[in-house]
Protein chains: 2
Amino acid sequence: MTVATFNVNSIRARMPVLKAWVESAGPDIVALQETKVEDGSFPIADLEPTGYHVAIHGQKGYNGVAILSRVAPDEVHTGLGDPDFPEDCRVIRARFGELWVVGTYVPNGTKVGSEKFAYKLAWFERFGRLLRETVPAGTPAVWLGDINVAPTDEDVYEPDRHRGDVCFQPEEKEALARIVGEGWTDLFRHFTPGPGHYTFWEYTIPNGFKRNLGWRIDHVYANEALAGRCTACVVDRAPRSMERPSDHTPVVATFDLA
Amino acid sequence: MTVATFNVNSIRARMPVLKAWVESAGPDIVALQETKVEDGSFPIADLEPTGYHVAIHGQKGYNGVAILSRVAPDEVHTGLGDPDFPEDCRVIRARFGELWVVGTYVPNGTKVGSEKFAYKLAWFERFGRLLRETVPAGTPAVWLGDINVAPTDEDVYEPDRHRGDVCFQPEEKEALARIVGEGWTDLFRHFTPGPGHYTFWEYTIPNGFKRNLGWRIDHVYANEALAGRCTACVVDRAPRSMERPSDHTPVVATFDLA
DNA sequence: GCGCTAAACG
DNA sequence: CGTTTAGCGC
């Protein structure tokens with residue numbers, strides 16, 4: 001069974017790439033981020049031929065998450081569920097039998113020291129609590145999405161040039177590490193050490209993808225009840241090479257749930 | 001030899017349609033209108049595979065004309081060349097051996113009685129003088145483009161509903177007729193009488209193209225030295241049916257220049 | 001760069 | 001309806 005994350009940077013703009021990719025890669029479950037569309041305008045009908053079920057949580061123009069799945073989820077929940085946090089459509093959770101899948105689009109933070117940067121740190125804190133409170137101990141769970149943090153120097157090209165950049169600050173890394181430390185395994189890193197493995201290449205850098213000037217900010221984590229079942233976790237660079245690509249590409253984890 | 005006119009309503013937005021059409025229809029010369037792009041941004045490189053030569057006269061956002069040709073023109077001139085008229089990129093002239101080709105994007109006029117409407121009438125007058133002064137007597141010439149006048153009741157759907165509309169006013173028809181009267185033949189009408197033959201269908205009318213609620217405002221005229229050589233003049237509706245079409249479609253005239 | 005939102009124009 | 005110009009977000 002495979003579970004994937006893909007920041008599509010607009011579901012409407014990315015329909016050709018997304019459909020081509022799910023049809024060729026055939027993931028069982030796909031968490032999407034930055035769908036950028038209200039639920040009423042999500043192109044569900046366009047996805048119908050693929051046979052995927054679609055759970056959505058979106059808003060106009062920004063953010064937006066979704067979960068596609070070959071099998072219908074048994075339950076779906078959206079949002080942080082906290083009136084102290086704006087409902088900016090960054091969290092969607094679905095249960096498939098015993099398995100919980102939590103998709104997130106972590107706030108970018110925009111600029112170090114900004115209000116949005118503070119919000120990112122607060123959001124991590126609040127999301128960590130949601131994870132603790134909603135993922136039952138002992139039941140398999142995967143948390144995945146655009147995490148907007150490159151955890152180590154190996155997760156961004158030329159790390160010394162990015163010391164001052166958002167998504168690469170100690171506070172962000174620590175906020176993420178506090179959650180990950182509660183029993184989550186970074187599945188890609190479990191299998192593949194070393195630099196040069198990225199999931200996001202900025203549009204603004206000329207030939208950034210070809211030159212592999214990227215960031216590993218899209219992650220798939222498994223909890224202790226599931227991590228041992230993971231047999232592979234890879235970055236699929238194919239969608240980043242297609243016509244009109246997203247700036248991100250999918251990460252796919254394979255599990256042996258026999 | 002075929003000469004065509006096509007108001008593309010943005011050369012950038014219309015590249016797929018334009019390329020598909022020139023590759024299938026294979027016209028020798030194509031006058032384009034509403035390219036809407038400065039010369040430096042005209043997608044010449046994108047057209048290179050087609051083998052067409054490109055002469056351009058454009059501005060940012062509005063208007064803009066061009067001439068594509070299988071054979072390179074021997075000379076090209078642009079504009080009305082009159083300091084009393086703004087250089088709004090509506091005229092391009094090219095010579096191919098003995099043959100002169102004059103492409104125009106006539107001002108729309110916007111609203112009857114407006115300043116722009118007055119400009120349209122003045123422009124016609126000034127353009128008529130340009131034609132007289134630049135097309136040598138006795139040498140073959142074609143004048144074509146988006147003329148923005150439906151000359152008769154047969155050139156618009158439900159003419160009685162359009163008596164008050166721009167592009168259908170007596171003053172406009174007379175301004176056009178004064179030029180045409182100096183020896184130009186409306187080639188489409190030379191071959192095809194009757195209503196229902198249009199070159200422009202407004203985007204704003206639901207299913208206007210399917211229901212054929214259109215206007216014949218794109219014309220091809222030949223002078224006395226050329227008209228007798230014309231063997232056909234047709235509206236090619238195919239490009240109006242393609243994905244992301246212009247609101248106009250090409251008119252193609254065929255000449256026997258043996 | 002390449003998405004998005006708007007308003008202006010035709 | 002489908003262009004354009006802008007500004008915004010990442």
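Just so we're on the same page: letters track the sequence lines, and every chain starts at 1. Please read all numbers here as calculations on a predicted model, not as lab measurements.
A donor-acceptor pair under 3.5 Å links the side-chain atoms of B/Ser246 to the main chain of B/Asn7, judged by distance alone. A distance-only check finds no donor-acceptor pair linking the side chain of A/Arg12 to the backbone of A/Pro43 [under 3.5 Å].
Qualifying salt bridge (charged side-chain N to carboxylate O under 4.0 Å, His left out) partners for A/Asp82, counting only residues two or more places apart in sequence or in other chains: A/Arg126. Take A/Glu158 and apply the salt bridge (charged side-chain N to carboxylate O under 4.0 Å, His left out) test, not counting sequence neighbours, and it matches A/Arg161. With sequence neighbours left out, B/Asp160 forms a salt bridge (charged side-chain N to carboxylate O under 4.0 Å, His left out) with B/Arg163.
A/Leu32 has its CG atom 16 Å from the P atom of C/dG3, to the nearest Å.
Extent of DNA chain D lying under 4.0 Å from chain B heavy atoms, first and last nucleotide in 5' to 3' order, is D/dC1 to D/dT5.
B/His162 and B/Tyr157 have perpendicular rings, their planes meeting at more than 60° on a 0 to 90° scale where under 30° would count as parallel.
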*Produce a footprint string for nucleotides 5-10 of chain C: one letter per nucleotide, 5' end first; B if the base is under 4.0 Å from any protein heavy atom, S if only the sugar-phosphate is, - if neither.*
SS---S

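A salt bridge links B/Asp186 with B/Arg216: the distance from a Lys NZ or Arg NE/NH1/NH2 to an Asp or Glu carboxylate oxygen falls below 4.0 Å.
Sequence neighbours left out, the pairs with a member in residues 106-123 of chain A that pass salt bridge (Lys or Arg N to Asp or Glu O under 4.0 Å) are A/Lys120-A/Glu172.
Taking only side-chain nitrogens and oxygens, A/Arg14 comes nearer than 4.0 Å to OP1 or OP2 of C/dG3.
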